[in-house]
Structures are given as C-alpha cells and as structure tokens.
**Q** 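I have a structure here, written as structure tokens, and I will follow up with some questions on it.
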Amino acid sequence: RQRALSGIQPTSDSFHLGNYLGAVRQWVQLQDEFETFYFIPNMHGITTPHDPKALRERTVFAAAQLLALGVDPARSTMFVQSQIPEHAELTWVLSCITGFGEASRMTQFKDKSAKNGTDSSSVGLFTYPILMAADILLYRPQLVPVGEDQRQHLELTRNLAQRFNTRFKKTFVVPEAYIVSDTAKIYDLQNPTAKMSKSAESDAGLISILDDPKVIAKRVKSAVTDTEREIRFDRENKPGVSNLLTIESAFTGTSIPDLELAYEGKGYGDLKTRVADVLVDFATPLRGRVQGYLDDRSELDKVLTAGRERAREIASRTLADVYDRVGFLAP
Ligand code: ATP
Ligand code: MG
C-alpha cells in the first residue's frame, strides 16, 4: 500500500474548523486506502516564543483530539515529532542542500515575521520548512494531505527530495500534495479573506472545534457578511457568506447549489442559525470523547508509545541511508 503522512501543530487549545475541514477530516478518510502516518510537530511549536507547560499539555491534547476525530491507531501510526530524533538529524543534512535564497522565498515566514520584524524572528522560524521537509521525507510517503497554505512548503520538500536523489543516489520518494479544494481554505469569520488560523491576532473569527455551544453560536452569529441579502456563493464579492456555505456544505454533505436553492427567500439570520446548529451538533459529542481520552490517559499513552516505536523503525532506516550517501561514517 502507498503511504500518506501529515502533521498538525499543538499550538493552540483546540483545533479549529480549518484544521478539521482542511486536514484531519481527509486524514480519517485516507486510512481506508493508505498506510497512514500522523504526527504532532511539537518541534515546530518552539519556533516562536512559547510556554513549555502549555506546549506539553497541548501535545497530549492534540493527540486526544486526533483519536476523538477518528484517527484509528489500529490503522495509523500516530506519534510525537520530538520523540523521533531523526527529524532534527535529517533537517541538518537538508539544510545543507537548501539555498539561502530558496528558503527566503517562503511566504509563510514572510507573513509570520512581518508582525515583529525579521530581526526578532528566530532562525528556527526561518528554517521551519526544512524541518517540515525532513518530517515528510523520513517516512517516504507518496501523499501528503494539507491545506492550501502548505502548498509552497510541499513544493520545497519535493525540490529537496529530487535534489538529494540526483546529487547523491535515489533515496527519497518525491511526495505529492493532496489538497481537497472545496475545503482547502476555511476563512476567518471576522475577516473572510484571511485564512482561519490559530495564530490570528484575534480569535473572534475563529471556531475551535471544541468550543462551548454558546461561543460557537455567538461567533457564527457575528460573522461578517455583506450588505446584500441574497444567499449565494460568490467568493469575490461575498466572501463571508461563501465561507458559511462552504462550512455548512462540508458538514451536511449538501452541495452548495442545493443550499443556495434551499435558502431562496431566506435571510442571513437563517443561514447563521443553521450553521451554528450544525457546528454545535458536531462539537458536543466530540468534547465528551476528547475528555474521555484525557481523563484516562492509559489508552493515549499506549498509542503514542506504539507510534513512536514504529516511526523510529522507519525513520532510522531512512536516516542511515542518508548518512551513508553523504559520506558520514556509520553511526
Ligand atoms: P498557523 O496559522 O499558526 O500556521 P494553522 O491554523 O495553520 O496554524 P497548522 O497546524 O499549521 O495550523 O495546520 C494544520 C493543518 O491544517 C495543515 O494541513 C493546514 O494546511 C490546515 N489548515 C490550517 N488552516 C486552515 C484553513 N483555514 N483552512 C483549511 N486548512 C487549514
Ligand atoms: Mg499553518
């Protein structure tokens, strides 16, 4: 079977709708067809100033959410990045075949460093895409499911894999990005031309999948729309309404044209009420399941221990090949 691999950062209290619709939902489906690897990139979580205690808690919390959302440990290898030392080791080798200019062109670094200026950004934030390339290439997956925001990083990963393979010897699989276009970008409810993000300035436009029903309802009801009245999908002119339609369609399976028909003659209030209901119905049972994994940690710990063993087995084999090919003495 072919392999798929992806990761989700433990950088906030709970995953948001974009993380779920753009990523984790696909992960769950891919388990049927692929040998799947899902990990928590906690080493990426220290590229900006952070609180160690929160990072540790969020790492566990992220694992609990993945299980509750349907990542199945019988079919997927789930692990924590920092427990596999090969990620850092391969990053060094890949750094040495990455051009400085090439790394400088990564738009996520430009965006993330714009706030405080590059002088106060860490080198780790700058080299983040190289660590991400190592995360992927170690496991030789064919497919990497991600949201639209990761397209450029995936392209870098592919370039580095090809470069290494040509410069030394075929070692890496050149992976394909798997981007589900309908939900590849969920937008901030308050600022519907910007992607919903854990690191947005304000979380007024963010829906966390574990939010309290009251918070969900409030955030959906105050979502920015437009001054027209018609409920119609138009990303250009009606980004807020289009975002809400995307969300409703993703959760209910009703196509957007069918939703447009059903909303004929209705107003934005009706749309918002319905979207809030759909989200609350999704979030309520999920909260219970996540809490279950946290209250009794034995299941979660077992999954992470097994994942770590399986991941190391594969990662250490790849790294041994890499070290051999670049001319290092055997470790
Ligand atoms: P940050 O904005 O700080 O990078 P994030 O919200 O993007 O955080 P990540 O852990 O970087 O969270 O992303 C996890 C996965 O969720 C990635 O595959 C990413 O592409 C996807 N994703 C993130 N935001 C969105 C979004 N708004 N819509 C669709 N997919 C998204
Ligand atoms: Mg991101």
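Below, all heavy atoms of this structure are taken into account, side chains as well, without hydrogens, waters or symmetry copies. As the structure lists them, so they are numbered: ligands from 1, and atoms in each ligand from 1.
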**Q** Give a yes or no on whether Arg1 atom CZ has more than 12 heavy-atom contacts from other residues, nucleotides or ligands under 6.0 Å away.
**A**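 Counting other residues, nucleotides and ligands, CZ of Arg1 exceeds 12 neighbours.
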**Q** Is the closest N or O pair between Gln9 and ligand 1 shorter than 3.5 Å?
**A** yes
**Q** More than 12 foreign heavy atoms under 6.0 Å from CD of Glu313: is that the case here?
**A** yes
**Q** N/O of Pro145 under 3.5 Å from N/O of ligand 1, yes or no?
**A** no
**Q** Under 6.0 Å between the ring centres of His87 and Tyr139?
**A** yes
**Q** Under 3.5 Å, N or O to N or O, is Gly7 touching ligand 1 that way?
**A** no
**Q** Side chain or backbone of Asp149 under 4.0 Å from ligand 1, or both, or neither, by non-hydrogen atoms?
**A**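 Side chain only.
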**Q** So for ligand 1, is Gln150 a polar contact partner (N or O within less than 3.5 Å, distance only)?
**A** no
**Q** Can you confirm, on distance only, whether ligand 1 has an N/O atom lying under 3.5 Å from any N/O atom belonging to Gly147?
**A** yes
**Q** CD1 of Ile256 to CD1 of Ile231: how many Å apart, nearest 0.5 Å?
**A** 12.5 Å
**Q** Considering residues, nucleotides and ligands other than Lys218, do more than 12 of their heavy atoms fall under 6.0 Å from its NZ?
**A**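 At most 12 heavy atoms, drawn from other residues, nucleotides or ligands, come within 6.0 Å of this atom.
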**Q** If you measure from each non-hydrogen atom of Lys112 to ligand 1, which part falls under 4.0 Å: side chain, backbone, both or neither?
**A** side chain
